[in-house]
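Numbers for residues simply follow the sequence, beginning at 1.
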Amino acid sequence: MSSLPMVLFLCLLHPSHGAVQILKEGLYYVDPSAATSYDDLLEAQTLARRHGPGAEVRIGPGRIELMNPLTFGPADEGVTYKGAGASLTSLSGGTQVNASWSVSQHLRIPNHDGNVFATNLYSNPRLNASLIGNTCPNFGDNSPRLHLYYKGTPQWLARWPNRPASPASGNWSTLRDGGKINGMKYFCYDYDNETSHIDMNSADRYSLATPEEEKEICFHGFWRYSWRSEWAPLSYCNATNHCCFSTTIVGAAAGQAAKGTFYGFGWAGDLDTAGEYVLNVTSGDLHLWPLEQQAEGVLPARSPPVPLNPPGVLPGPEDLIASVLNEAILINFTSNVLLADFTVEHVRGTAINVQNSTNCTIAGVTVARAGVDGVHVFGGSGVSITRSNFTNLGAKGVSLLGGDRETLTPSNHSVDNSRFWRHSMWTYCYTPSVQLSGVGAVVRKSLAYDLPHQFVSYGGNNHLIELNIVHDTIRMSYDSGAIYSDRHPTYRGTHIKNNLFYRLGNFSIPGMPTIGATSKIQQAVYVDDFLSQVVVEGNIFAGMMNGFFSHNGRNHTLVNNLFVNTSCPVAYSGQSSWGTLNETFKAEIFSFPYTTPPWSTQYPDLAHIFSNGNKSNMLPALPRFISTIRNGVMNVVNTGSEYTPNMDSFWYIEHGIQFLNTSNCSGCTSDSWGAPESTCQGCFTTYNNSVDNIGFTSQDPYATLDFSLSPSSPLWKLGWKRIPQEQMGPDA
C-alpha cells in the first residue's frame with residue numbers, strides 16, 4: 001500500500017458518494033467550499049436516512065447557500081448534523097448579490113463624498129420584485145421581508161433622524177395629532193430641510209420622492225403608548241412637507257391625541273450615514289452606504305460603529321448578502337435530532353422552526369441576521385436549546401410553546417446556557433429573548449442585555465426561570481418588565497429563582513408618550529393584570545426603578561431576595577372591580593377544571609375565586625394572600641426618573657414594601673397599610689425583612705456586582721439562604 005499515491009490512499013480510507021465523503025459507516029462529511037455543497041448536503045441527508053438513528057453529518061468550514069429550507073421529518077429520527085463551529089460553518093438562507101458596483105449618481109441623495117454605491121439586486125436571478133415585496137412592515141405586520149447584510153452587518157433603510165449608537169438614546173422625531181380624514185385617524189409632522197440634510201428649499205422636499213419611491217416610505221414609532229410601537233406607511237405629503245400617515249394603534253381610532261416619537265424610513269434624501277440604503281423595488285436599483293461592524297463573537301460596543309470601507313472603494317461582488325428564504329430549517333414530527341456548532345443566518349422570517357417534535361436539541365448554534373425570530377418551538381416535548389447565541393434579529397430570540405394546560409402536563413422545553421443581545425431590531429416591543437407559552441418550560445443560566453424591551457414574556461403555568469443574568473434591558477419602553485406576564489388569572493405556578501437583574505430601564509426616553517401616574521414604571525419582574533401565584537425567590541435586583549411589581553395579582557410569594565439601589569423594591573396595586581374583563585376571565589376559568597385535581601391541588605385559591613360559590617360574582621381584583629418574607633433592602637433611592645417613591649398620595653412605603661391603591665382588601669382600610677403585618681392578616685404575610693442592615697462582603701456591592709453576604713450579616717440569623725451568584729449566567 002505504501003506504493004499507492006497519497007490521494008488514492010485517502011480515497012480508499014474515505015470513500016465518497018458523489019461529493020459527499022463517507023468517513024465511516026454512518027458518518028458523512030460535506031465540504032461547503034464545493035460548488036455543489038447544497039446538493040451535497042441533501043445527498044448526505046439521504047445517506048443518513050438510509051443508515052437511520054445514530055448517523056451523523058459533519059459540515060466543514062464555510063458557507064452553504066440553501067436553495068430551500070433544510071427539512072427534517074420522521075425519516076431523520078436520531079440523526080446529528082454538526083458543523084465545525086458557529087464561527088466557521090454557516091447555513092445561509094440568503095444569496096450573495098454578486099453584482100458590479102459604481103459610485104452612486106442618485107440626484108436625491110445628499111453629498112456623500114463617494115461613500116454611496118449603486119448596484120442592481122436583480123442581477124442575481126434569485127432576487128426579483130415579487131419575492132421582495134414591500135421593504136417596510138405595515139400596521140404591526142411582522143411577516144418576512146428583505147434584509148441586506150454587508151460583510152455580516154445588517155444595513156438599514158435610510159432613516160430620519162439617524163440611528164443612534166444605542167437603541168435607547170435620542171434622535172427621535174415628534175409628531176402631532178392630524179385629526180381625521182374620511183373617518184381615518186392621521187398623525188402628522190413637518191419634514192424640513194434642516195433635519196433631512198437636504199441642500200434645497202423645503203418646499204421642494206416632497207417632489208424629491210417619485211411615486212415608486214413613495215411605496216418604500218414608512219414610519220415606526222410609539223404613537224400612543226410607551227409599551228407598544230407600530231409601523232405605518234406614508235399616506236400623503238402636501239407641498240409644504242406636512243406629511244401624514246395613519247395607524248391602527250390602540251386608542252388612535254378613538255380620537256385620542258397622539259404625541260409619540262417615531263422614525264421615518266425609506267426617503268432617498270435621508271441616505272446620509274453609513275449602514276443606510278434605499279431600494280426601488282420595481283427596478284431593483286439599490287443605493288447603499290455600506291457599514292461593516294465587528295465580528296460576531298465580539299460583544300457589541302456602545303459607541304457608534306466605524307465604517308471600514310474607505311470612501312470611493314467599491315464593495316466586492318461577494319460583500320452583500322440579501323435574505324431570500326423565509327426559514328432555513330424546519331424540524332417536523334420527528335425526535336432526537338441534534339443540530340450543533342454552526343450558524344444559521346440571512347433568512348427573511350424565523351430561522352429555525354421545530355414543530356410537534358420530541359427530544360430534539362439545538363446546541364452551540366448562533367442564530368443571527370434573521371428578519372423576524374430566531375427559533376420557534378411549537379408542540380412536542382423536551383426540545384432543548386443550549387449553548388447558543390441570538391443577535392441581530394428583527395424580533396424575538398426563542399419561542400417555546402408546549403405542554404397540556406388542561407392536565408398541567410409540562411412541555412419540558414428549555415433554553416439554557418445561551419446569550420441574547422441586540423435583537424428586537426425591527427419590532428421593539430413584546431419581542432422578548434424568550435417567550436414561554438403552555439406548561440412547564442425552563443429558561444436557565446442565560447445572559448440577556450442591550451434590549452429595548454423584555455428578556456422573558458410568558459403565559460401559561462409552572463414555568464421555571466432561574467440562574468440568568470439580565471442587564472441593560474427595557475431600554476426603549478415604559479410600563480414594562482424584564483420578565484413580564486399578564487391577563488389571565490389561570491396563569492399560575494411560575495417560579496423565578498436565583499437570577500441577577502441589574503442596570504435596568506431608561507428613565508429619560510426622549511418624547512416617549514406617558515399616560516397617568518404609573519405610565520413610566522419599569523421593573524425587573526412585572527406580573528400584570530390579575531396574573532397570580534408566582535414565586536420570586538433568591539433573586540438580586542440592583543439599579544432599577546422597581547424590583548417586583550404586581551398589578552391585581554394574588555397568592556405571590558417573595559422570599560430571600562436582595563434589593564439594592566431601587567426606587568421601590570416591591571409594589572402591589574389593586575382595584576375593586578375586574579371591569580370589562582370580568583366575563584372574559586370567567587370564560588377562561590370555566591374552560592379549565594379549576595375545582596378538581598391537579599388544578600385544585602396546585603392552585604387552591606383559584607377554586608374559591610368566586611365569592612360564596614356564586615359563579616356570577618368574582619371576588620374583587622385585589623392583592624390577597626401575598627407573602628413577603630426574609631428579603632434584604634439596601635438604598636431605596638430616586639433613580640432619576642420623573643417617578644419617585646412618593647410621587648402620588650396613593651403610594652406608600654413600609655419596610656421597603658410599597659402598596660398601591662389597595663384599600664378594599666378584606667378587613668383592611670386605607671389607614672391600615674402602614675402596618676400590614678398586624679392589621680391585614682388575611683391579605684399579607686410579611687416578616688423577617690431587613691432594611692439597610694444587610695452586611696455585604698463588598699463595601700459597594702452595586703459597583704462591584706458582588707452581592708455575597710459576610711459571615712457577620714444579620715440576615716443569617718433570620719434564616720437567610722445563600723444566593724448562588726457564581727452559578728448565574730452561561731458557563732464559560
Residues at least two apart in sequence or cross-chain that pass side chain to side chain contact (heavy atoms under 4.5 Å, CB included) with Val377, listed by chain then number, are Val354, Val375, Val383, Ile385, Leu400, His413
Requested in this report: In sequence, state the C-alpha distance, the side-chain angles, and the governing distance for Asp416 and Lys445, and then conclude on salt bridge (Lys or Arg N to Asp or Glu O under 4.0 Å).
Outcome: CA-CA 5 Å; Asp416 77 278; Lys445 289 186 69 63; over 6 Å; no
Hits for side chain to side chain contact (heavy atoms under 4.5 Å, CB included) against Arg63, two or more places apart or cross-chain, chain-then-number order -> Glu65, Ser90, Ser92, Gln96, Ile321, His346
Pair Thr119-Trp101, side-chain donor/acceptor within less than 3.5 Å:
no
Review point. Should Arg422 and Asp450 count as an ion pair when the cut-off is N to O under 4.0 Å?
Key: yes
Q: For this output row, return yes or no: ring centroids of Trp156 and Trp289 closer than 6.0 angstrom.
A: no
**Message:** Is it the case that the side chains of Ser323 and His147 hold a donor-acceptor pair, with the cut-off being a distance below 3.5 Å and no angle test?
**Reply:** no
The side chain to side chain contact (heavy atoms under 4.5 Å, CB included) partners of Ala34 (sequence neighbours excluded) come to Thr36, Asp40
Applying ring pair (Phe, Tyr, Trp, His ring centres under 6.0 Å) to Tyr81 and not counting sequence neighbours gives Phe72
### Query
Between Asn417 and Arg387, do the side chains contain an N or O donor and an N or O acceptor separated by less than 3.5 Å?
no
With sequence neighbours left out, the residues meeting ring pair (Phe, Tyr, Trp, His ring centres under 6.0 Å) with Phe420 are Phe390
Rounded to the nearest 0.5 angstrom, the OG-CD distance for Ser477 and Gln454 is 7.5 Å
Worksheet item: Below 6.0 angstrom between ring centroids: does that apply to Tyr430 and His453?
Response: yes
Distance col, row Leu451:CG vs Met425:CE, nearest 0.5 angstrom, shows 11.0 Å
One should read off an interatomic distance between Ser446 OG and Met728 CE, to the nearest 0.5 angstrom, of 13.5 Å
Taken in chain and number order and not counting sequence neighbours, the residues that satisfy ring pair (Phe, Tyr, Trp, His ring centres under 6.0 Å) with Tyr502 are His471
CG of Leu279 to CG of Leu286, rounded to nearest 0.5 Å, is 6.0 Å
Are Ser433 and Phe455 packed together at the side-chain level, in the sense that at least one heavy-atom pair is separated by less than 4.5 angstrom? yes
Are Arg159 and Glu276 close enough that some pair of their side-chain heavy atoms sits under 4.5 Å apart? yes
Taken in chain and number order and not counting sequence neighbours, the residues that satisfy ring pair (Phe, Tyr, Trp, His ring centres under 6.0 Å) with Phe501 are Phe541
Side chain to side chain contact (heavy atoms under 4.5 Å, CB included) filter on Ala328, not counting sequence neighbours, yields Leu66, Val344, Val347
Between Asn124 and Thr95, do the side chains contain an N or O donor and an N or O acceptor separated by less than 3.5 Å?
yes
Residue set satisfying side chain to side chain donor-acceptor pair (under 3.5 Å) with Asn499, at least two apart, ordered chain then number -> Asn468, Asn539
Please test Ile64 against Val30 for side chain to side chain contact (heavy atoms under 4.5 Å, CB included), starting from the C-alpha separation and ending with a verdict. CA-CA 10 Å; Ile64 295 180; Val30 175; 4.1 Å; yes
Checking Asn120 against Val97 for the side chain to side chain contact (heavy atoms under 4.5 Å, CB included) test, could you report, in this order, the C-alpha distance in whole Å, the side-chain angles of both residues, the deciding distance, and whether it holds? CA-CA 9 Å; Asn120 190 284; Val97 174; over 6 Å; no
Applying side chain to side chain donor-acceptor pair (under 3.5 Å) to Gln523 and not counting sequence neighbours gives Asn546
Step-by-step side chain to side chain contact (heavy atoms under 4.5 Å, CB included) determination, Leu330 to Glu327:
CA-CA 7 Å; Leu330 172 62; Glu327 64 180 352; 3.9 Å; yes
Taking C-beta and beyond as the side chain, do Leu325 and Arg126 meet within less than 4.5 Å on heavy atoms? yes
Taken to the nearest 0.5 Å, the spacing of Ile469 CD1 from Leu447 CG works out to 6.0 Å
Tell me, do Leu157 and Tyr277 make a side-chain contact under 4.5 Å, heavy atoms counted? yes
Original post:
Given Ile331 and Leu339, is the side chain to side chain contact (heavy atoms under 4.5 Å, CB included) satisfied, shown in steps?
Top reply: CA-CA 10 Å; Ile331 301 174; Leu339 306 180; 3.8 Å; yes
Sequence neighbours excluded, the answer for side chain to side chain donor-acceptor pair (under 3.5 Å) partners of Thr431 is Ser424
With sequence neighbours left out, the residues meeting side chain to side chain donor-acceptor pair (under 3.5 Å) with His376 are Asp373
Separation between OG1 (Thr153) and CG (Leu320), nearest 0.5 Å, reads 11.0 Å
